[in-house]
Number of protein chains: 2
Amino acid sequence: MRMSTKAQYAVRALVSLNLTSDGRPVSIKEISQIEKISLHYLEQLFVKLRRGGIVNSVRGPGGGYVLARSAADISMDQVIETVEEALMPLSCMDADGSCNCEAECTTQSVWHGLGMQIRSFLASVSLEDLTNDGRRQLACRVANI
Amino acid sequence: MRMSTKAQYAVRALVSLNLTSDGRPVSIKEISQIEKISLHYLEQLFVKLRRGGIVNSVRGPGGGYVLARSAADISMDQVIETVEEALMPLSCMDADGSCNCEAECTTQSVWHGLGMQIRSFLASVSLEDLTNDGRRQLACRVANI
DNA sequence: ATTATAATTGACAGATTTAGTCGGGTATGA
DNA sequence: TCATACCCGACTAAATCTGTCAATTATAAT
């Protein structure tokens with residue numbers, strides 16, 4: 001059971017975007033420098049995020065990305081489902097992908113239940129929550145050093 | 001976010017073991033045939049399960065594996081943590097594994113929170129619960145066909 | 001003791017995923 | 001028109017996962 005670094009990167013990038021932006025577009029070059037994530041890799045992530053309706057792009061000089069809607073309306077499950085294919089895929093172990101209901105279905109109820117749990121938890125965390133965490137942490141770091 | 005098939009296999013195998021056993025040891029050969037999981041792969045899983053105190057092994061003819069304790073006292077989080085290393089590992093992206101608290105910590109609270117959710121959900125499901133599901137399903141299948 | 005059974009161990013191969021690169025585009029605003 | 005910034009697709013090296021194979025060791029029944 002693990003969360004892909006892709007999803008972790010996407011979340012970090014969005015927090016960074018929200019922290020940096022004051023309404024103006026933020027270039028992924030900036031985010032790349034702040035978060036120390038490869039520029040090209042970020043581009044790939046933001047293509048998905050844009051197609052998923054999480055961010056909007058602004059082209060041309062001074063362009064970049066902006067959140068497509070309020071940070072409070074962006075939940076983590078949306079973000080993760082956008083950059084990954086599925087939040088909680090199950091391997092049914094059949095060549096054709098269908099479920100043969102012999103043995104594995106016995107335990108599928110657990111995995112489905114778990115998937116629901118994960119989904120609902122991630123749905124309860126908004127980008128705004130994380131950004132506030134980030135702001136608080138930033139303030140602490142500044143105060144300490 | 002995905003559950004490894006290793007974990008899924010382990011859970012299925014234990015349900016199968018509990019369904020088949022009437023107190024006597026069950027060989028993984030049997031389980032392998034029932035669940036159609038490679039014998040040798042099962043061996044690997046059961047080594048971990050034995051070391052983790054989930055099952056006990058009985059050597060020699062008529063030997064096999066038995067549950068180390070009551071099915072009601074075996075929860076899914078214990079099983080999964082036994083066959084995998086960690087239930088919810090976080091990549092801190094540092095070579096030495098330490099957390100440098102620059103950028104990624106901003107979002108770590110989410111992952112930790114998620115990990116707790118997953119853990120507590122899996123802790124609430126016992127092997128006995130799943131075995132009962134299995135029994136019910138078996139009865140239905142027999143009735144239908 | 002012999003033999004059959006079963007667990008133990010380690011090496012290994014194939015498939016899949018991941019993280020990241022590269023080289024070209026194309027649209028936009030100053 | 002020109003620099004900026006996004007867009008696209010192919011490609012790869014490394015890591016991880018899944019599953020197999022072979023050989024060995026331990027146990028109990030006969």
Side-chain angles (χ1 to χ4, degrees), chain A residues 1-10 12-13 17 20-21 24-33 35-52 54-66 68 80 83-86 89-95 97 104, chain B residues 1-10 12-13 17 24-33 35-52 54-66 68 80 83-86 89-95 97 104:
Chain A
M1 188 90 240
R2 53 185 275 274
M3 181 59 69
S4 71
T5 62
K6 188 192 287 186
Q8 296 182 41
Y9 276 151
R12 276 172 55 195
L17 168 60
T20 307
S21 172
R24 303 180 159 280
V26 181
S27 72
I28 53 177
K29 197 173 191 176
E30 274 184 82
I31 295 178
S32 161
Q33 288 164 353
E35 295 289 335
K36 302 201 178 60
I37 304 173
S38 148
L39 182 70
H40 278 84
Y41 196 53
L42 271 182
E43 280 181 1
Q44 290 178 19
L45 290 181
F46 273 86
V47 165
K48 293 190 178 187
L49 290 173
R50 187 178 56 80
R51 287 186 187 147
I54 308 287
V55 297
N56 289 328
S57 63
V58 180
R59 305 189 125 200
Y65 285 97
V66 287
I80 294 170
V83 295
E84 301 191 358
E85 319 69 44
L90 284 179
S91 54
C92 261
M93 271 122 222
D94 259 7
E104 58 271 21
Chain B
M1 189 90 240
R2 52 185 275 274
M3 180 61 67
S4 70
T5 62
K6 189 191 288 186
Q8 295 182 41
Y9 277 151
R12 277 172 54 195
L17 169 59
R24 304 180 158 278
V26 180
S27 72
I28 51 178
K29 197 174 191 177
E30 274 185 82
I31 296 177
S32 159
Q33 287 165 351
E35 294 291 334
K36 302 202 177 61
I37 303 173
S38 146
L39 181 71
H40 298 283
Y41 193 56
L42 273 180
E43 282 178 358
Q44 288 179 20
L45 291 180
F46 273 87
V47 166
K48 294 190 177 186
L49 290 173
R50 186 179 56 80
R51 288 190 186 141
I54 308 285
V55 296
N56 288 328
S57 65
V58 181
R59 305 188 125 202
Y65 286 97
V66 286
I80 293 171
V83 294
E84 301 191 358
E85 319 70 43
L90 284 178
S91 54
C92 260
M93 272 126 224
D94 258 6
E104 58 270 22

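We name chains A, B, ... by the order of the sequence lines, and we start the count at 1 in each one. Quick caveat: nothing in here was measured; it's all calculated off a predicted structure.
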May I have the distance from [X] (atom [atom1]) to [N] (atom [atom2]), rounded to whole angstrom?
X       : N      : atom1 : atom2 : result
A:Glu30 : D:dT4  : CD    : P     : 14 Å
A:Phe46 : D:dC8  : CZ    : P     : 16 Å
A:Ile28 : C:dG20 : CD1   : C1'   : 14 Å
A:Leu42 : D:dC8  : CG    : P     : 17 Å
B:Arg50 : C:dT9  : CZ    : P     : 7 Å
A:Lys48 : D:dC6  : NZ    : P     : 18 Å
B:Asn56 : C:dA6  : CG    : C1'   : 16 Å
B:Ile80 : D:dC17 : CD1   : P     : 15 Å

Output yes when at least one side-chain N/O atom of [X] is less than 4.0 Å from OP1 or OP2 of [N], else no.
X       : N      : value
B:Ser4  : D:dC17 : no
A:Tyr9  : C:dT18 : no
A:Ser57 : D:dA5  : no

Any side-chain heavy atom of B:Ile31 within less than 4.5 Å of one from B:Tyr65?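 They are not in contact (no side-chain heavy atoms under 4.5 Å apart), so the answer is no.
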With distance as the sole test, does [X] use its side chain to make a donor-acceptor pair with the main-chain N or O of [Y] at under 3.5 Å?
X       : Y       : answer
A:Glu35 : A:Tyr9  : no
A:Arg50 : A:Ser57 : no
A:Ser32 : A:Ile37 : yes
B:Gln8  : B:Met3  : yes

Looking at every non-hydrogen atom in both residues, tell me the closest pair between B:Val66 and B:Pro25 and how far apart they are.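 Looking at all heavy atoms of both residues, the closest pair is CG1-CA, 3.5 Å.
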Please report the closest heavy-atom contact between A:Leu49 and A:Val83, naming both atoms and the distance.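 Smallest interatomic distance, heavy atoms only, reads CD2-CG1, 3.8 Å.
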What protein N or O atoms touch nucleotides 21-24 of chain C N or O atoms at under 3.5 angstrom, if any, and at what distances?
unit_1	atom_1	unit_2	atom_2	d
C:dT21	OP2	A:Ser38	OG	2.8
C:dT21	O4	A:Gln44	NE2	2.8

What pairs of nitrogen or oxygen atoms, one from the protein and one from nucleotides 26-28 of chain D, lie under 3.5 Å apart?
unit_1	atom_1	unit_2	atom_2	d
D:dA26	O4'	B:Arg59	NH1	2.7
D:dA26	O3'	B:Arg59	NH1	2.8

Listed partners of B:Gln33 passing side chain to side chain contact (heavy atoms under 4.5 Å, CB included), at least two apart: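 So B:Gln33 forms a side chain to side chain contact (heavy atoms under 4.5 Å, CB included) with B:Lys29.
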Take A:Ala7 and B:Tyr65, find for each the nucleotide of DNA chain C with the closest heavy atom, and name the residue whose nucleotide sits nearer the 5' end.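 Mapping each residue to its closest nucleotide by heavy atoms, the 5'-most match is B:Tyr65.
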Do A:Glu84 and A:Ser4 have a side chain donor and acceptor closer than 3.5 Å?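 Side-chain D/A pair, A:Glu84 to A:Ser4: present.
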